[in-house]
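Keep in mind that this is a model prediction, so the values were computed, not measured. As the structure lists them, so they are numbered: ligands from 1, and atoms in each ligand from 1.
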Amino acid sequence: MFEIVIGLEVHVQLNTNTKLFCSCPTSFNHKQNRNTCPTCLALPGALPVLNKEVLHKSIMFGEAVGATVNRTSYFDRKSYFYPDSPLAYQITQLYTPVVEHGVLELDFEDGTHKTIRINRAHIEADAGKNIHEGDTSKVDLNRAGTPLLEIVSEPDMRSADEAILYLKKLHSIVRYLGISDANMQEGSFRVDVNVSIRPRGDEKLYTRVEIKNINSFRFIQKAIEIEVKRQSEAWEDGVYEDEIVLETRLFDQNKQETRSMRGKEEAADYRYFPEPDLLKAIVTEEMYEKYSKIPELPDAKRDRFVKELGLTEYDANVVTSTLEMANFLEEMIAEGATAVGANKWLTGELPARLNNGMTLETSPINSKLLATLVKRIEDKTISNKAAKDVLDYLFENEVSVDEAIDKLGLKQVSDTGAIEKMVDDIMVANADKVEQYRGGKDKLFGFFVGQTMKASKGSANPQVVNEIVKAKLG
Ligand code: ADP
Ligand code: MG
Ligand code: ZN
């Protein structure tokens, strides 16, 4: 009876070399408060200057989601006091953001699609960090002034699944563009989820609750489900008006509940006004020309993989979900593996062996190694089953595929001479069975194949054995 309404705000940390308004480095693995200067410390008299790289990356994003890239955008002050924000305001873009009116296409497993509207993407400065140790708290301003692109969707999603699809797609796009590390654990892709419910068929929007800082797709899914439950129960109990208020809530993954964190400030409380210390941000035609030429995005790559490589739509979707996997596949094909074989091992057997936080990049199996393994199956040097043992061995030992095959003695005998000899010997030793077979006992065919496989200790190529046995028995 209820419809779920979800709108998402995603803060993407842009991977620029220097901060948004000063030339401090953006790397965090430094001593606390080391990457700071009068500007990002908000010392009196220090003035911000826009880092152009931020504008370049914003153009790329705008282009990727088919949005309008405003040739002129402006900065505004959003006032709030928080210890990790020394300016006591955040510089952001309220009235005219750099990017507006984009779209993002969701693809469902059943082959249907849905377009989610992106309201805007605006540039803003990140805050520092409060560090709480026992009964003291410290402020680290290394992150203060780091550039963020906040991407705000329209409330177009109707389920937790749609929200997750949207986030995964967005994540994949910014990674493809190379404008952010988008590492959720490290906070370079932070999601605020806005959730409300409404009676089915109702057009108007009901009160939303904002759930902040959830750092994994799985937890986001869970938080939405739990919050929807809370809201619909309040409705059914007749206490919706009292209990569901515009507020910011936190998701507690241990208690599996959302909890009120603070009332949501109304825009008036932020006392927004145009930032007087900055010039307007101008995207010149030359700049636009240069940065709107973006690399191939996940959807286009998926379609190309279907068309050029003959992958199924489903397989192509999986393998293009990250740029690393898509590149890995193309490298394997360049090494001579077939697309289907390469895809099967890359998306199946390899990830099944990546545990303890190992990733495609940190695994000892590179594209050349996996491609060679697939080629050895395809040229019938080893069986599919043996290849799994070889892959296990390669995880533990720094050797080539051929060395591993030798070492494990898994080479398939496809040499017809050797197999013919085995079949001959078996026929001599089982002359009676040969007679029976020839007399019409067809079932004995399997016996000869089995004996040959056994004689070869499983290393004979079964297909070759079949052919030879058939020819010899006549
Ligand atoms: P704020 O910064 O105050 O959170 P924004 O306008 O930046 O406000 O973001 C509002 C977000 O909430 C947008 O993603 C929007 O789609 C979403 N939203 C607005 N109304 C609703 C609603 N009734 N239910 C769910 N999401 C909503
Ligand atoms: Mg919000
Ligand atoms: Zn600085």
Side-chain angles (χ1 to χ4, degrees), residues 2-11 16-28 30 33-43 46-51 76 78 80 86-87 90-95 97 100-102 104 116-122 124-128 140-160 162-163 166-167 170 190-199 202-213 223-224 227-228 231 240 244-249 261-270 272:
F2 294 113
E3 178 169 60
I4 302 169
V5 177
I6 301 167
L8 298 164
E9 298 160 80
V10 180
H11 289 88
T16 53
N17 292 317
T18 55
K19 290 185 182 179
L20 179 51
F21 298 124
C22 62
S23 48
C24 292
T26 47
S27 49
F28 302 138
H30 282 94
N33 294 306
R34 180 65 64 86
N35 295 348
T36 55
C37 72
T39 302
C40 55
L41 289 175
L43 299 186
L47 290 174
V49 177
L50 177 64
N51 176 354
D76 303 290
K78 180 183 185 181
Y80 59 87
L87 284 164
Q90 179 186 32
I91 302 180
T92 179
Q93 297 191 300
L94 175 70
Y95 303 107
E100 282 180 294
H101 315 309
L104 193 141
I116 305 296
R117 294 166 301 157
I118 291 175
N119 172 287
R120 51 154 59 210
H122 58 257
E124 61 185 30
D126 207 348
D140 177 11
L141 295 176
N142 278 351
R143 198 181 66 180
T146 295
L148 300 175
L149 192 63
E150 178 175 348
I151 301 155
V152 183
S153 86
E154 294 292 347
D156 285 350
M157 283 143 284
R158 295 289 172 268
S159 68
E162 285 185 11
Y166 170 90
L167 290 170
L170 190 63
R190 303 200 288 269
V191 180
D192 297 346
V193 185
N194 296 274
V195 188
S196 65
I197 58 167
R198 66 182 173 196
D202 216 335
E203 287 293 310
K204 86 172 218 259
L205 291 170
Y206 283 70
T207 306
R208 72 180 157 112
V209 161
E210 182 188 57
I211 316 169
K212 265 203 177 321
N213 288 330
I224 293 172
E227 179 58 23
V228 165
Q231 293 185 18
Y240 179 85
I244 308 306
V245 293
L246 181 65
E247 65 180 350
T248 300
R249 294 177 75 87
M261 179 169 131
R262 58 166 185 254
K264 182 101 190 111
E265 300 84 347
E266 295 289 333
D269 297 331
Y270 287 132
Y272 277 107

Ignoring waters, protein N/O/S atoms under 2.8 Å from the Zn ion (ligand 3) are Cys22 SG, Cys24 SG, Cys37 SG, Cys40 SG

Using a 4.5 Å cut-off on heavy atoms from C-beta on, say whether the side chain of Val195 contacts that of Val228. yes

Atoms of ligand 1 under 4.0 Å from any heavy atom of Val5, numbered from 1 in the order shown, are 24 (N), 25 (C)

Sorted by chain and number, sequence neighbours left out, ring-ring contact (aromatic ring centres under 6.0 Å, His included) with Phe2 holds for Trp235

Please determine if Glu150 has a nitrogen or oxygen closer than 3.5 Å to a nitrogen or oxygen of ligand 1. no

Honestly, for Val152 the part within reach of ligand 1 (heavy atoms, under 4.0 Å) is side chain

Worksheet item: Hey, does the Lys NZ or Arg CZ of Lys19 hover above the aromatic six-ring of Phe21, less than 6.0 Å from the centre and inside 45° of the axis?
Response: no

> Quick one: are Ile118 and Glu154 in side-chain contact, heavy atoms under 4.5 Å?
Replying inline: no

Ligand 1 to Leu8, heavy atom cutoff 4.0 Å, flagged ligand atoms 14 (O)

> Does Glu150 reach the side chain of Glu124, with side-chain heavy atoms less than 4.5 Å apart?
Replying inline: yes

* Should Lys78 be counted as touching ligand 1, given the test is an N or O pair under 3.5 Å? -> no

query: Do any nitrogen or oxygen atoms of Leu205 lie less than 3.5 angstrom from nitrogen or oxygen atoms of ligand 1?
result: no

Looking at ligand 1, does any of its N/O atoms fall within less than 3.5 Å of an N/O of Tyr206?
yes

Counting heavy atoms under 4.0 Å, the part of Asp156 that contacts ligand 1 is neither

Filtering Glu210, Arg208, Met157, Arg120 for the heavy atom nearest atom 8 (O) of ligand 1 leaves Arg208

For residues Asn51 and Thr18, is any side-chain donor paired with an opposing acceptor at under 3.5 Å? yes

Report yes or no: is the cationic atom of Lys78 (NZ for Lys, CZ for Arg) under 6.0 Å from the centre of the six-membered ring of Tyr270, at an angle within 45° of the ring normal? yes

From the list Asn35, Thr36, Thr26, Asp126, side chain to side chain donor-acceptor pair (under 3.5 Å) with Arg143 holds only for Asp126

A student checking ligand 1 against Glu154 at a 4.0 Å heavy-atom cut-off should list atoms 16 (O)

**Item:** Salt-bridge present (Arg158, Glu3; N to O < 4.0 Å)
**Value:** yes

Next item on the list: Would you mind reporting whether Ile151 and Leu170 have side-chain heavy atoms less than 4.5 Å apart?
Entry: yes

Counting from 1 in the order shown, the ligand 1 atoms closer than 4.0 Å to a non-hydrogen atom of Pro155 are 16 (O), 26 (N), 27 (C)

Counting from 1 in the order shown, the ligand 1 atoms closer than 4.0 Å to a non-hydrogen atom of Ser196 are 22 (C), 23 (N), 24 (N), 25 (C)

* So do the side chains of Val209 and Ser196 get within less than 4.5 Å of each other, counting heavy atoms only? -> no

| request: Check step by step if side-chain contact (heavy atoms from CB on, under 4.5 Å) holds for Asn194 and Glu9. | output: CA-CA 8 Å; Asn194 296 274; Glu9 298 160 80; 2.7 Å; yes

